Amino acid sequence: MSFNSQPSIDLKTQKYDRQLRLWAASGQTALENANICLLHASATGCEILKNLILPGIGSVTVVDDKIVDERDLASNFFLEPGHVGTNKAEAVTSLLTSLNEDVAASHRSEAPHALINATPQFFDAFDVILAMDLSDEDLIKLSDFCETNSKILISVYCKGLCGMFRIQAPEHTVIESHPENAVDLRLTQPMDELAAYAASFDLDAMDQTDHGHVPFVVILLQFVEKWKKEHDGKPPKSYSERNELKAQIRAAMRTPDEENFEEALAQLWRLASSNELSSDIRKIFEHPSCDVLTPDSTPFWFAARGVREFVNNQGQGQLPLAGKLPDMKSDTKNYVELQLVYRDKARRDLQTVMEHVHRLLQEVGVSENYVPMEMIELFCKNAAFAKLLNYRSITDEYTSPNTKAIADGLAMDENMAYYLVFRAASRFYAKYKRYPVGSGSDAGGDISRFKDFVSEWLESIGLEVDMETLAKPVTNYVYFKNKEVANLGALVGGLVAQEAIKMITHQYIPINNTCVFNGIASTSSVFEL
Amino acid sequence: MQIDGIITPLDDQQIQDALEQCKVLVIGAGGLGCEILKNLALTGFKHLHVIDMDTIDISNLNRQFLFRSKDIGKSKALVAAEFVMQRVPGVTIEPYFGKIQDKDDDYYHQFQIVVCGLDSVEARRWINAKLVEMVDEEDPESWKPLVDGGTEGFKGQARVILPTMTSCYECSLDMFNQRTSYPICTIANTPRLPEHCIEWASVLEWPKVWGDVQYDTDNPEHIQWLFETASKRGSEFNITGITYALTQGVVKNIIPAIASTNAVIAAACCNETFKIATMAAPYLNNYMMYTGNDGVYTYTFEHQKKAECPVCGSASMSTTLDPSMTLTELIDWLQEKPDVQLKKPSLRTATQSLYMQAPPVLEQATRANLEKPLSSLIDSGDTITITDAALPVSLQLRVTYAQ
């Protein structure tokens with residue numbers, strides 16, 4: 001015996017192996033085609049970039065006009081003592097670039113403020129813009145630009161032991177949400193082929209070995225059929241009826257340890273699950289973009305409409321079958337045959353959906369190639385868990401604050417108070433050209449000054465707040481002393497990079513739209529504001 | 001010192017002083033370890049040690065950012081320590097390329113805090129038990145908080161263990177998913193999944209073909225053989241879906257890993273370490289779970305200490321036995337107990353050895369006791385001390401006799 005010379009797996013695939021197992025080649029390609037812009041080379045910002053560069057993002061561009069100060073070294077891993085006195089963007093880029101030779105890294109020694117106000121066309125080249133510590137004024141301008149030009153914008157503030165970020169993005173669709181438990185066995189409405197397959201087993205006539213290797217799907221379907229014959233064609237509906245069915249199945253066990261029968265009992269709850277479409281897919285089907293297709297509609301909407309047509313016609317209210325069969329006690333032959341029943345139905349459903357999609361494309365006058373086969377297939381396999389997220393623009397939020405969400409949040413969650421404190425601090429800086437940090441004996445002075453400032457701001461946006469709920473967050477913010485803390489920068493850097501990856505790959509589900517991490521209490525919160 | 005949720009101002013000199021006086025041990029220099037070393041150094045800790053027994057592999061480079069292609073094959077601990085010391089002036093990091101079990105109590109005694117970024121349950125159990133064992137009520141310096149982190153894909157957890165005071169790692173052993181194992185009859189007779197075919201190739205067919213030669217999961221030729229062999233079996237049984245990547249994943253028990261999750265969990269651990277060292281803010285009590293696949297979700301709670309935990313529990317296990325039960329029968333009973341997992345237990349009381357597995361001279365001397373009834377060896381209400389190579393600490397078992 002000897003070894004065959006094995007086909008060499010390219011180095012990039014080997015390097016990215018551990019992440020390819022999460023988002024596959026399609027996700028990786030999306031990452032490698034994405035261009036990221038970082039505004040302000042803060043410690044947090046560099047950490048975000050590190051977590052995008054390591055997995056192979058297409059390119060990063062760091063924008064900052066600041067000169068490196070010795071104090072910057074304390075929290076930023078991508079600065080060295082030799083950089084003091086040089087441009088910060090250039091300095092961090094030189095160290096970030098060595099993290100991954102596949103990534104193009106460049107810098108721009110300019111103030112983000114200048115680019116946003118004077119030459120916003122600079123941002124045309126990017127897909128995702130990461131904005132650190134922007135003033136409200138600059139953020140709103142950038143938000144407008146990103147909204148108009150369909151860019152993803154993530155605004156981040158991180159100080160002391162807390163941090164927060166806000167995502168703004170164009171309408172975001174997810175086909176591959178990677179749900180944890182995604183099994184559709186159609187036990188309550190078996191397709192004809194499945195019913196026929198289940199009926200073909202004569203349990204009573206089987207020998208002991210065969211009896212113990214009948215898939216639980218067959219057992220459940222047979223017993224439900226028997227029940228229906230004895231109950232006027234109706235399946236077991238109530239909890240007590242299902243218990244009765246359980247007792248019947250248990251009685252049919254030939255030995256106390258028939259695993260397949262145990263599985264049937266354990267999986268009986270599936271008979272109680274409703275066949276209704278999930279609210280997520282219904283939201284997609286009911287969206288105007290699903291009703292009205294034009295040459296400008298994205299491939300997602302053509303695919304969604306194709307699936308909807310299937311559901312309303314051949315599917316008889318059911319989504320196309322995903323076709324996956326979980327493992328179960330069974331001999332190989334039965335399992336493979338049963339698997340084929342599901343796979344064949346899934347294939348036929350996919351074929352029908354494809355025909356719908358092609359017809360729709362034709363009707364609108366768009367080429368068939370516009371919607372790749374792979375996308376239709378993915379949609380059919382994951383339809384029950386597809387997601388549509390609509391993001392409110394930051395400008396919208398800042399000009400018409402969601403006072404109800406804020407008030408509700410404050411009542412239950414101190415992290416809402418930290419969100420408000422971060423927002424207020426930004427406005428404090430805009431007014432006084434410094435952050436509220438107190439100094440020596442006057443820490444108390446800044447605490448009350450900041451408290452009043454926060455109170456005034458909240459009043460101005462129509463919020464009546466008991467300032468006692470804000471006392472600790474206000475005090476703690478002042479005690480953060482405007483420090484960039486490495487641990488929090490790293491943590492928030494991890495969260496933001498993760499969300500950016502989800503947005504770029506359209507896999508897994510991003511937040512909508514604000515996240516706060518509280519490093520004092522070690523808790524996190526997500527708000528839709 | 002933080003008071004009631006108000007932190008110490010972060011520019012307070014006492015914070016810097018506390019950090020500089022604190023010696024921290026980092027266990028693991030991989031996905032979490034690289035992040036932990038970076039974070040602790042930047043935070044202001046000056047004296048770190050790091051232990052890791054692994055060398056650098058190409059598949060590490062997507063997240064273990066202290067390593068480059070030129071470092072492949074070198075010791076993770078050595079390369080990581082050198083990189084961080086070069087980048088962050090003022091910190092000293094002493095690396096050790098080897099196992100945590102190589103080090104003795106004196107070594108562990110020098111640290112104030114231990115931070116773990118490990119990838120194995122066994123190693124965590126060991127260090128957890130070691131730190132619990134080291135606690136000497138007369139010596140406050142013997143008490144070392146343990147901060148432990150773990151990740152898998154988009155999920156992870158960070159926890160703070162105060163040995164003998166809070167829930168320890170052993171207390172929560174039942175929380176962790178066991179590694180998927182397939183019954184041998186399925187693998188041999190009724191395969192259904194591609195994984196079954198791969199296990200057949202690695203567990204049954206390989207030894208048949210290669211005899212004593214073990215397969216090396218890092219050898220691409222071995223993986224290729226397993227992949228081709230599994231594929232042949234797959235086609236025999238009409239099972240599809242066997243790929244090289246899946247083969248690798250199954251035999252190496254590969255866990256997906258990305259930089260961002262490691263960044264979050266490592267940072268959470270370092271944040272807790274900072275708070276423990278400086279008391280500038282309240283630290284985690286005591287467990288934070290994190291999932292990032294669907295939104296961002298953390299669940300922070302206090303995991304309860306188990307009174308009967310074999311490692312940190314104060315209550316001894318107690319049981320009621322038949323007085324005519326022989327010592328051999330008691331040993332069989334202990335071996336079968338699933339939450340203890342003993343292999344070859346030795347038993348003694350405060351006054352005598354009942355049965356000792358080693359050394360040979362003691363084994364011979366106590367062998368006669370094996371067939372004696374318990375009632376002739378101990379009284380009802382006595383406590384038996386049980387030791388075993390598999391168990392990090394001794395177990396106390398209080399025996400009462402059934403009437």
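Naming convention: chains lettered A, B, ... in sequence-line order (proteins, then strands); numbering from 1 in each chain. The figures here come from the full heavy-atom set of this structure, side chains too, leaving out hydrogens, waters and symmetry mates. None of these values were measured; they are calculated from a predicted model.
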Looking at B/T190, is its backbone amide N or carbonyl O close enough to the side chain of A/K333 to form a donor-acceptor pair, meaning the two atoms are under 3.5 Å apart? no
Within the 3.5 Å criterion, strictly below it, is a donor on B/N271 or A/S522 matched to an acceptor on the partner's side chain? no
ask   = So, the side chain of B/R192 versus the backbone of A/S330: is there a donor-acceptor pair under 3.5 Å, distance only?
value = yes
The interface call for B/E195 against chain A, heavy-atom contacts under 4.5 Å, is neither
Practice problem: Take the angle between the ring planes of A/F77 and B/F83 and call it parallel below 30°, perpendicular above 60°, tilted in between. | Solution: parallel
For B/K46, the salt bridge (charged side-chain N to carboxylate O under 4.0 Å, His left out) test, sequence neighbours excluded, returns none
What one should report as the nearest heavy-atom pair of A/V526 and B/V296 is CG2-O, 3.5 Å
Taken in chain and number order and not counting sequence neighbours, the residues that satisfy salt bridge (charged side-chain N to carboxylate O under 4.0 Å, His left out) with A/R166 are A/E397
Bottom line for A/P81: the part with an atom under 4.5 Å from chain B's heavy atoms is side chain
### Message
Taking B/I255's backbone N and O only, do any of them form a donor-acceptor pair with A/R21's side chain (distance below 3.5 Å, no angle check)?
### Response
no
Bottom line for B/F274: the part with an atom under 4.5 Å from chain A's heavy atoms is side chain
Between A/T332 and B/P191 the two heavy atoms that sit nearest each other are OG1-O, 2.7 Å
Cut-off 4.5 Å, heavy atoms of chain A, and the answer for B/N189 is backbone
Here the pair of heavy atoms bringing B/N62 nearest to A/K15 is CB-O, 3.5 Å
#### Entry: pair B/T240-A/R343: side-chain heavy atoms closer than 4.5 Å
yes
So, the part of B/S69 with a heavy atom under 4.5 Å from chain A: the answer is side chain
| message | Less than 4.0 angstrom from a charged side-chain N to a carboxylate O is my criterion; do A/K481 and B/D12 meet it? | response | no
If one checks every heavy atom of B/Y283 against chain A at 4.5 Å, the contacting part turns out to be neither
Value for NZ (B/K275) from CG (A/L161), rounded to nearest 0.5 Å, stands at 7.0 Å
For residues B/I58 and A/Y16, determine if any side-chain heavy atom of one lies less than 4.5 Å from a side-chain heavy atom of the other. no
Discussion item. Could you check whether any side-chain N or O of A/K502 sits under 3.5 Å from a backbone N or O of B/G295, counting only pairs where one atom can act as donor and the other as acceptor?
Written reply: yes
When the 4.5 angstrom heavy-atom criterion is applied to B/P89 and chain A, the contacting part is side chain
Within a radius of less than 6.0 Å around CD of A/E337, do more than 12 heavy atoms belonging to other residues, nucleotides or ligands occur?
yes
Bottom line for B/H196: the part with an atom under 4.5 Å from chain A's heavy atoms is side chain
* Exam field: side chain B/N39 to backbone A/L488, donor-acceptor pair closer than 3.5 Å -> no
Quiz item: Okay, side chain of B/S59, backbone of A/Q14: is any donor-acceptor separation there less than 3.5 Å?
Solution: no
The interface call for B/Q64 against chain A, heavy-atom contacts under 4.5 Å, is neither
Check: So, are B/R68 and A/E101 salt-bridged, with charged N and O less than 4.0 Å apart?
Finding: no
